2 protein chains.
Amino acid sequence: MGARSYGQYCGVVTALEQVGERWALLIVRDLLVGPRRYGDLKNGLPRIPTNILSKRLRELQDAGVVRRVPLAHRGLVYELTDRGRALEPLMLALGEWGFGAMGDPDPDDIVTLDSMTMAFRTSFRPGVAAELPDTRYEVHIGPVALNLAVDGGSLRVRPVAGGPLVRGVDGDLAEEADADLVLVCGPGIRELIAGRVTGAEAIEAELVSVQAGDPALLDRFAQTFHVDSAPAPATGG
Amino acid sequence: MGARSYGQYCGVVTALEQVGERWALLIVRDLLVGPRRYGDLKNGLPRIPTNILSKRLRELQDAGVVRRVPLAHRGLVYELTDRGRALEPLMLALGEWGFGAMGDPDPDDIVTLDSMTMAFRTSFRPGVAAELPDTRYEVHIGPVALNLAVDGGSLRVRPVAGGPLVRGVDGDLAEEADADLVLVCGPGIRELIAGRVTGAEAIEAELVSVQAGDPALLDRFAQTFHVDSAPAPATGG
DNA sequence: CCGGATCCGAATCGATACTG
DNA sequence: CAGTATCGATTCGGATCCGG
């Protein structure tokens, strides 16, 4: 038994020993979005030391969470195994709980494509969405631009091709026209997702700005993507 | 922003910064069972250095997860705030995922009352239990003895009064008679909870030993307390 | 005994530089 | 691109000590 073991025979301990080290779950978070190269991960986690990234990837492979896959021509990607993908419910629970503690960003906090992708997956409510018309949202938040396609009770999150707001200058508006609602927002979007403001209030307070589409769709957006600020503990304990 | 910050504006990061440090979630795990004194926590986590326990408790208070409550006469207990209790779904997800990676215990791994209590909460299936007759189980696993009272779709886990198997010598069998099934088991109980063996097979392989009650109830136990070895990832991503 | 605080060696982490 | 090597800064772990 390693000196760094928690020394208990318990599922929680086993989990923490496999994915509880610093940075490990953030690597998993990004890999839940899709396979990533070493450099992608490094870019998505700018403050991770490269030696730690390397070490964690080896540990995650040893734990059977991550797999190394050679790419067709050259290079390679890391991807989650089935066991790694089974961490998704845990990741969503973590993001949901953390949402309730988010304040305003520190001056040099960054926002990444993968973290926002998982954030929208976290707040997505399939049951509610299934009762609403299919809708496509385009959300710009800082340097990140995402396309959210709600289709029945399922959600697909993709980066907007061409990046944030650099389209349109040469007439390539095909995709933008695709979205029913195009939003530009900042951290204040939390208020909308937490249900602390209505769509109209969010626009009024300039928490979000509607670039295209019917502003009334903002309330549908808020119903679809919602996190309770004070999640109720599970019953039956 | 601290040098130890992950530097991202993201719910997962916020959560990890509040409860992602070493030992923090194990403290929360034990507090999910009930309020605990400093010495209780130290006992339940024998390998935690006392300075770390002290530091974590302060951090968890700063994060609004834990509260310090003076006791009636003297002493004090730590207890979870509402926000701390909201970590229960996360904890169950962690325990469930970790269950699938548990092997046999290391020679000096220990088992504690609180970790086993959370383990049974993790594997409890309210929906299944509601379809089955109410049942009371008494489970002895190493030094730990628990009483599991399944009542409709809810579960109550309590330590067996008097501790493990020291009752009976003086005729105090009132509580034991209360249980419909009394089990003594070791790590092999995993096989039963994972559904890899039937109740009869578990007895045959000596994974569990039935001290009292109808051995046929073992299958009801396995239906009630069950963890899928390969949990399916959530859909809709 | 309870609830910590203090001290110190060992291990880990973070930042930067460097290599196939 | 995909890491390894190195080294100072932190944190962790283990033990001891202290006040009530």
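Note that the structure is predicted; figures quoted are calculated from it, not measured. Order of the sequence lines sets the chain letters (A, B, ...), proteins ahead of strands, with each chain counted from 1.
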Please list every donor-acceptor pair under 3.5 Å in which a side-chain atom of residues 33-42 of chain A meets a protein atom from a residue at least two apart or in another chain.
residue: A/R36; atom: NE; partner: A/D114; partner atom: OD2; Å: 3.1
residue: A/R36; atom: NH2; partner: A/D114; partner atom: OD1; Å: 2.9
residue: A/Y38; atom: OH; partner: A/T50; partner atom: O; Å: 2.8
residue: A/Y38; atom: OH; partner: A/T50; partner atom: OG1; Å: 2.8
residue: A/D40; atom: OD2; partner: A/R37; partner atom: N; Å: 2.9

Taking only distance into account, with no hydrogens and no angle test, what donor-acceptor pairs under 3.5 Å do side-chain atoms of residues 56-63 of chain B form with protein atoms, sequence neighbours excluded?
residue: B/R56; atom: NE; partner: B/R22; partner atom: O; Å: 2.7
residue: B/R56; atom: NH1; partner: B/E59; partner atom: OE1; Å: 3.0
residue: B/R58; atom: NH2; partner: B/S54; partner atom: OG; Å: 3.2
residue: B/Q61; atom: NE2; partner: B/L57; partner atom: O; Å: 3.1

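In this structure, CZ of B/R74 is placed 11 Å from P of C/dG3, rounded to the nearest angstrom. When the C1' atom of C/dG4 is taken as reference, atom CG of B/L76 falls 10 Å away, rounded to whole Å.
In this structure A/N51 satisfies the side chain to side chain contact (heavy atoms under 4.5 Å, CB included) test together with A/P49, sequence neighbours excluded. Residues satisfying the side chain to side chain contact (heavy atoms under 4.5 Å, CB included) criterion with B/L113, sequence neighbours excluded, are B/V144, B/L146, B/P159. Residues that satisfy the side chain to side chain contact (heavy atoms under 4.5 Å, CB included) test with A/D151, not counting sequence neighbours, are A/D134, A/S154. Among residues two or more places apart in sequence or in another chain, the side chain to side chain contact (heavy atoms under 4.5 Å, CB included) test is passed with A/A15 by B/L94, B/W97. A/S115 pairs by the side chain to side chain donor-acceptor pair (under 3.5 Å) definition with A/T112, not counting sequence neighbours. The ring pair (Phe, Tyr, Trp, His ring centres under 6.0 Å) search around A/F120 returns A/F225, not counting sequence neighbours.
Taking the 5' to 3' direction, DNA chain D first and last meets chain A under 4.0 angstrom from a heavy atom at D/dA2 to D/dC12.
Every pair tested for ring-ring contact (aromatic ring centres under 6.0 Å, His included) that includes a residue from residues 52-76 of chain A fails, sequence neighbours excluded, so the list is empty.
Of the residues in residues 37-46 of chain A, those lying under 4.0 Å from DNA chain D by heavy-atom distance are A/R37, A/Y38, A/G39.
Across every non-hydrogen atom of B/Y6 and B/E17, the tightest pair is N-OE2, 2.9 Å.
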Spell out protein contact along nucleotides 9-20 of chain C as letters: B when the base is contacted, S when just the sugar-phosphate is, - when no protein heavy atom is under 4.0 Å; keep the 5' to 3' order. ---SSBBBB---
